[in-house]
Amino acid sequence: MNKIAKITMGQSPKSSTYNTNNEGLPLLNGATDFRENINPQRWTSDPKRVVYPNSYIFGVRATIGLTTKVYQKYAIGRGTGAATPINIIYDEFLYFYLEDLFKFYSQTGSGSVYINISKKEFENYKIDVPKISFIEQFHSEINPLFNQIKNNKLQNITLLQIKKDMLNKYFQ
């Protein structure tokens with residue numbers, strides 16, 4: 001994994017720094033914060049671990065996976081991890097690598113009731129990374145599709161906000 005991405009495991013900030021007033025960074029503490037869309041429930045004024053735009057976040061406790069690309073800076077808590085490609089050409093390959101990893105561990109995961117993934121599992125999971133020429137070709141062909149997905153998600157966020165504003169305006 002370290003050939004294509006940097007993995008950051010989340011760490012929860014002190015609960016005394018949590019708020020719902022949008023102060024500090026939005027906190028992604030687990031998969032419920034990004035199951036359908038990124039929808040943080042809390043913010044923190046003292047983040048311990050941060051994920052930056054164009055990285056992938058995912059659940060690492062109970063619900064693993066749900067690989068989601070982020071387009072802004074977030075604090076990440078202990079139920080969340082992040083992967084940042086070391087080079088933009090690895091972006092889409094990293095997504096599919098993570099999906100394969102989560103599928104594997106969901107079938108063989110550790111944990112008595114819930115599956116948990118640690119940084120060790122990321123280090124131990126091995127797949128062959130194709131030649132750089134294949135990665136470059138894959139990136140050039142798949143990147144436009146990923147950009148369209150990004151544009152669609154951003155448009156959905158805008159439309160949901162318009163809907164919310166209109167409902168508040170007419171039904172308050």
Side-chain angles (χ1 to χ4, degrees), residues 1-2 4-88 90-91 94-95 97-99 101-103 105-106 109-125 146 149-169 171-172:
M1 176 66 86
N2 59 2
I4 64 167
K6 178 184 179 228
I7 299 296
T8 304
M9 302 303 279
Q11 181 179 353
S12 294
K14 292 181 181 180
S15 59
S16 62
T17 70
Y18 291 2
N19 69 81
T20 56
N21 304 327
N22 299 8
E23 294 174 12
L25 284 180
L27 174 63
L28 303 176
N29 221 7
T32 57
D33 291 329
F34 52 88
R35 182 171 299 280
E36 293 295 323
N37 290 309
I38 296 177
N39 188 26
Q41 303 301 307
R42 294 178 261 179
W43 281 251
T44 179
S45 58
D46 186 26
K48 299 299 178 199
R49 302 277 166 81
V50 174
V51 62
Y52 295 93
N54 298 312
S55 295
Y56 291 98
I57 55 165
F58 41 81
V60 295
R61 299 180 72 213
T63 301
I64 63 168
L66 298 178
T67 307
T68 304
K69 195 164 194 176
V70 298
Y71 302 107
Q72 70 177 64
K73 189 175 169 181
Y74 292 96
I76 56 173
R78 68 183 180 149
T80 307
T84 305
I86 60 169
N87 185 313
I88 191 66
Y90 292 116
D91 183 64
L94 174 60
Y95 173 82
Y97 182 104
L98 290 168
E99 289 296 289
L101 177 143
F102 294 124
K103 181 178 179 183
Y105 283 117
S106 69
S110 63
S112 57
V113 178
Y114 298 108
I115 298 171
N116 298 306
I117 294 184
S118 69
K119 194 164 186 174
K120 182 179 178 183
E121 274 89 11
F122 285 95
E123 294 166 357
N124 290 338
Y125 186 75
F146 273 58
I149 291 167
K150 172 187 175 182
N151 291 337
N152 290 348
K153 285 184 178 188
L154 293 174
Q155 184 178 33
N156 282 342
I157 290 168
T158 301
L159 291 171
L160 286 170
Q161 186 60 49
I162 291 169
K163 174 185 170 184
K164 181 180 174 182
D165 292 344
M166 290 182 74
L167 288 172
N168 285 337
K169 179 178 178 181
F171 297 105
Q172 265 193 355

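Computed from heavy atoms alone, side chains included, the values below leave out hydrogens, waters and symmetry copies. All values derive from a computational prediction rather than experimental measurement.
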Under the side chain to side chain contact (heavy atoms under 4.5 Å, CB included) rule, what do Asn39 and Phe34 come out as? Steps first, then yes or no, please.
CA-CA 6 Å; Asn39 188 26; Phe34 52 88; over 6 Å; no
Between OH on residue Tyr52 and CD on residue Gln72, distance to nearest 0.5 Å:
13.0 Å
Measure the spacing between CG of Asp91 and CD1 of Ile86 and express it to the nearest 0.5 Å.
12.5 Å
Is there a donor-acceptor pair closer than 3.5 Å between any side-chain N or O of Asn21 and the backbone N or O of Glu23?
no
Under the side chain to side chain contact (heavy atoms under 4.5 Å, CB included) criterion, do Tyr71 and Asn54 qualify, and how do the steps go?
CA-CA 6 Å; Tyr71 302 107; Asn54 298 312; 4.0 Å; yes
Parallel, tilted or perpendicular, judged at 30° and 60°: which one describes the rings of Phe102 and Phe58?
tilted
Looking only at heavy atoms, which two atoms of Leu66 and Ala31 are closest? And how far apart?
CD1-CB, 3.6 Å
Test side chain to side chain contact (heavy atoms under 4.5 Å, CB included), reference Thr68, set Thr80, Asn37, Ile38, output is Ile38
Min side-chain heavy-atom separation Asn151-Gln155 under 4.5 Å
no
Is there a side-chain contact between Val51 and Lys73 (heavy atoms, below 4.5 Å)?
no
Any side-chain donor-acceptor pair under 3.5 Å between Ser12 and Asn29?
yes
Expected output: side-chain Thr44 to main-chain Pro13 donor-acceptor under 3.5 Å
no
Applying the side chain to side chain contact (heavy atoms under 4.5 Å, CB included) criterion to Pro40, which one of Leu27, Thr20, Leu28, Asn22 satisfies it?
Leu28
Check this for me: Arg78, atom CZ, are more than 12 non-hydrogen atoms of other residues, nucleotides or ligands nearer than 6.0 Å?
no
Full working for side chain to side chain contact (heavy atoms under 4.5 Å, CB included) between Tyr125 and Leu98:
CA-CA 10 Å; Tyr125 186 75; Leu98 290 168; over 6 Å; no
Distance in Å, Leu25 CG paired with Thr17 OG1, rounded so as to fall on 0.5 Å steps:
10.5 Å
Does the plane of the ring in Tyr95 sit parallel, tilted or perpendicular to the ring in Tyr56? Use 30° and 60° as the thresholds.
tilted
Could you go step by step and tell me if Thr8 and Thr84 meet the side chain to side chain contact (heavy atoms under 4.5 Å, CB included) rule?
CA-CA 8 Å; Thr8 304; Thr84 305; 5.6 Å; no
For the atom pair CD1 (Ile76) and CG (Asp33), what is the distance rounded to the nearest 0.5 Å?
12.0 Å
How close do Ala5 and Leu94 get, counting heavy atoms only, and between which atoms?
CB-CD1, 3.7 Å
One should read off an interatomic distance between Gln161 CD and Thr158 OG1, to the nearest 0.5 angstrom, of 8.5 Å
From Glu123 CD over to Ser118 OG, what is the distance, rounded to the nearest 0.5 angstrom?
8.0 Å
Backbone N or O of Gly10 within a donor-acceptor pair of the Lys48 side chain at under 3.5 Å?
no
Grab the two heavy atoms, one from Met9 and one from Val60, that are nearest each other, plus how far apart they are.
CE-CG1, 3.8 Å
